[in-house]
Protein chains: 2
Amino acid sequence: MSRKASTDRIGIHEVAKAAGVSLMTVSRAMRGVDGVSDRTRKRIVRLAQEMGYFPNSAARALAVTNSTLVGISLPTLMNDVFADVLSGMRRTLDQAGYSSVMDTSDYDLARELAWAERTLAWRPAAIILTGVDHLPDLHARLSRARIPVLELWDVTEAPIDICVGIDHGAAGLQLGRHLADLGYRKAAYVGAPPGFDPRADKRFAGLARAFRDVGAQALRRIPVSGGNSFAAGAEGFGQIDLSDRPDVVCFLTDNMAFGGLMAAQRAGLDVPGDIGITGFNGLDLTTVMTAPITTLRTPRRQIGVQGAKHLLARLNGLTPAPVTVLPCELLPGATTRQV
Amino acid sequence: MSRKASTDRIGIHEVAKAAGVSLMTVSRAMRGVDGVSDRTRKRIVRLAQEMGYFPNSAARALAVTNSTLVGISLPTLMNDVFADVLSGMRRTLDQAGYSSVMDTSDYDLARELAWAERTLAWRPAAIILTGVDHLPDLHARLSRARIPVLELWDVTEAPIDICVGIDHGAAGLQLGRHLADLGYRKAAYVGAPPGFDPRADKRFAGLARAFRDVGAQALRRIPVSGGNSFAAGAEGFGQIDLSDRPDVVCFLTDNMAFGGLMAAQRAGLDVPGDIGITGFNGLDLTTVMTAPITTLRTPRRQIGVQGAKHLLARLNGLTPAPVTVLPCELLPGATTRQV
DNA sequence: TTGTACGCGTTATCAC
DNA sequence: GTGATAACGCGTACAA
């Protein structure tokens, strides 16, 4: 291949030559492993510093057939939900020396798969996915890669490897029962269209069941989409058939609920007098409001931290619990009837 | 090294053997470059598919001394600001075949440096940083790496390589002049403490200058911190000396402004009757409100897209403009006096 | 404590 | 159109 030995690019060879030692001594010195006297190590490290030498992770990965890269796939970062998860996760992984190859899929499973293929080519130490619903091909690829896989945010009895999240069906049920207990019987739901977000669908199913269980009118679903969830919530509220006199509107997220609340106010409706409103996630926004939105707090950051910890354990040869379900906390607010 | 030739891990050799061709033919076939007949190429690709073979990017990076990894450092993802930037950026980079090694620094320059050192070890094709203020060591490291560097969100006449962002000083001035034009003369500012976020400091300086220019009372700064910017805004509002009768409070961000607005309402103040409130960024939240918060819209997504495009041009050997300043749009709202 | 030989998986080069 | 060989930069195993 006779590429010119680019004179400016300093590699481990140059350092070794300059230090008058072998290549291996430099390698050992830089890694801080045994096999080098303290004196020579210090000399080498200082020299490397001066010469501007630093190891090549790709070469190391190749040599040890194992890297310090972790792939992370999130559906979106457009609301604080996954930013919280990611933040908790990165801190933990960072301290363990892992870098992350990250991307968002925009809830598109094909994009998730494409990302995974590209990322897998880097032979990452582990892969982190959002949710437990993926394209069959992805599942196959991942199994073949024989690397730890963490599925976040949602849970299943049969994870690819391990999973840490909440039970979205139960969460929907928890919120729905609260509303049913408050006497609500004619609920509407505003959220992503069916099939868009599996977790949203599970929550909807839980909600619907809660109302069904008390013999209430079937929960009707109003699909909305668009990048601006605040606007989507407002728009969704506008599409509700008010002549049907729904008593409460459940939104997919807090942001949508906020948008819906604004729309309700503009429509001259009193909340919760005329109609109730609920969100989901317990974001900072809703809790700081003078009249907080009734919602369910999801342990987002904890999911990230716990997930990362389990993954690290897995990477260290331990066997963490394959399934970890974290609890949600009901946050009764001022947008639904008081007890 | 005599590691057992792990019989399960299929590499390019196995495919070559199975196809009855040389290693190079497989390499060429997989990459889609010239030098292979269409028939053998198809045969090889199909075979690789069946055998579950896919290239090793680390090895490729080593061989071509150049990778398809781009490092991205953001201060935080906890508000939609950088999520927007990132989203615009990733899409563009993704289409060009680049993966990204990403992390957040939490506005800690030392963390930014540590991240850069770790990331540089992967010999990325380019590095993307937020802001134009970094530790001197980072600047040195980056220059030595001789790779394209994009600085985002802020601009400077002397970028490390290229930069795309807004002029924060001018943005502060723009908002301040608008307020001065509305007759405000006793303004207060609630935001991160000096030194925490260089961009925030520049905006504060611009704001302060606008009021100074009209001979108004000096802008007083109320430092707040904490991860929850909504709560921080509310808390900051509480710390304002109302007996001094400020006529307007400028918040560092929209989220803080929202928190401040809630605090004002709780304090029984009329906004904008008793006091004005402004935010910064023009997030979806404020624009959907029944009474929108006066703010300045920042071209976040555009910064990401434009930045990524310039970087790609740079990677392709072109010479994009070293400095790109994007405009902000004033969004007069209902939380300040009407004209 | 230090050095040597080889292999990790891929690509550039050049010969056939 | 196809193959042999030498890098790419580093770590493991073992010899010195």
Rounded interatomic separation in angstrom, taking NE2 from A/H13 and P from C/dG3 = 14 Å
Position toward the 5' end of DNA chain D (nearest nucleotide), B/A59 or B/T25 | B/T25
Would you tell me if any nitrogen or oxygen in the side chain of B/S22 comes within less than 4.0 Å of OP1 or OP2 on D/dA4?
-> no
Nearest-neighbour nucleotide for the B/T65 side chain, D/dC8, C/dT10, C/dA12 considered = D/dC8
Rounded to whole angstrom units, what separation is found between the CD1 atom of B/I10 and the P atom of C/dG9?
-> 10 Å
Does a side-chain N-to-carboxylate-O contact under 4.0 Å join B/D103 and B/R118?
-> no
Taking 4.0 angstrom as the limit, do A/R111 and B/D94 come out as a salt bridge?
-> yes
Atom-to-atom span, NZ of B/K17 to P of D/dA4 - whole angstrom | 13 Å
Using whole Å, report how far CG of B/N66 lies from P of D/dC8.
-> 15 Å
Counting only side-chain N and O atoms of B/S37, is one of them less than 4.0 Å from OP1 or OP2 of D/dT2?
-> yes
Main-chain N/O of B/I10 paired with B/H13 side-chain donor or acceptor, under 3.5 Å = no
Whole angstrom value for the distance that separates C1' of C/dT1 from CE of A/M24 = 12 Å
Given atom CG of B/L62 and atom C1' of D/dG11, what is their separation to the nearest angstrom?
-> 13 Å
Nucleotide nearest A/Y53 (side chain, heavy atoms from C-beta), chosen from D/dC10, C/dT11, D/dG11 | D/dC10
Regarding the side chain of B/A63, the nearest nucleotide among C/dG3, D/dC10, D/dC8 is D/dC8
Once you round it to whole Å, what is the distance between C1' of D/dG3 and CD1 of B/I12?
-> 13 Å
C/dT2 OP1/OP2 closer than 4.0 Å to side-chain N/O of A/T40 = yes
Could A/D106 and B/R91 be called an ion pair, given the rule that one side-chain N must be under 4.0 Å from one carboxylate O?
-> yes
Round to the nearest Å and state the distance from A/L23 atom CG to D/dG9 atom P.
-> 11 Å
Please evaluate the base of D/dG1 for a donor-acceptor partner in the side chain of B/R39 within a cut-off of under 3.5 Å?
-> no
Would you find a donor on one side and an acceptor on the other, under 3.5 Å apart, between the side chain of A/E151 and the backbone of A/I160?
-> yes
So does B/R41 reach the base of D/dG1 with its side chain, donor to acceptor, closer than 3.5 Å?
-> no
Are B/S57 and C/dT10 close enough that a side-chain N or O sits under 4.0 Å from OP1 or OP2?
-> no
Between D/dC10, C/dT13, C/dT11, which one does the side chain of A/P55 approach most closely?
-> D/dC10
Could you tell me whether the phosphate oxygens of C/dT11, OP1 or OP2, come under 4.0 Å of any side-chain nitrogen or oxygen in B/R31?
-> yes
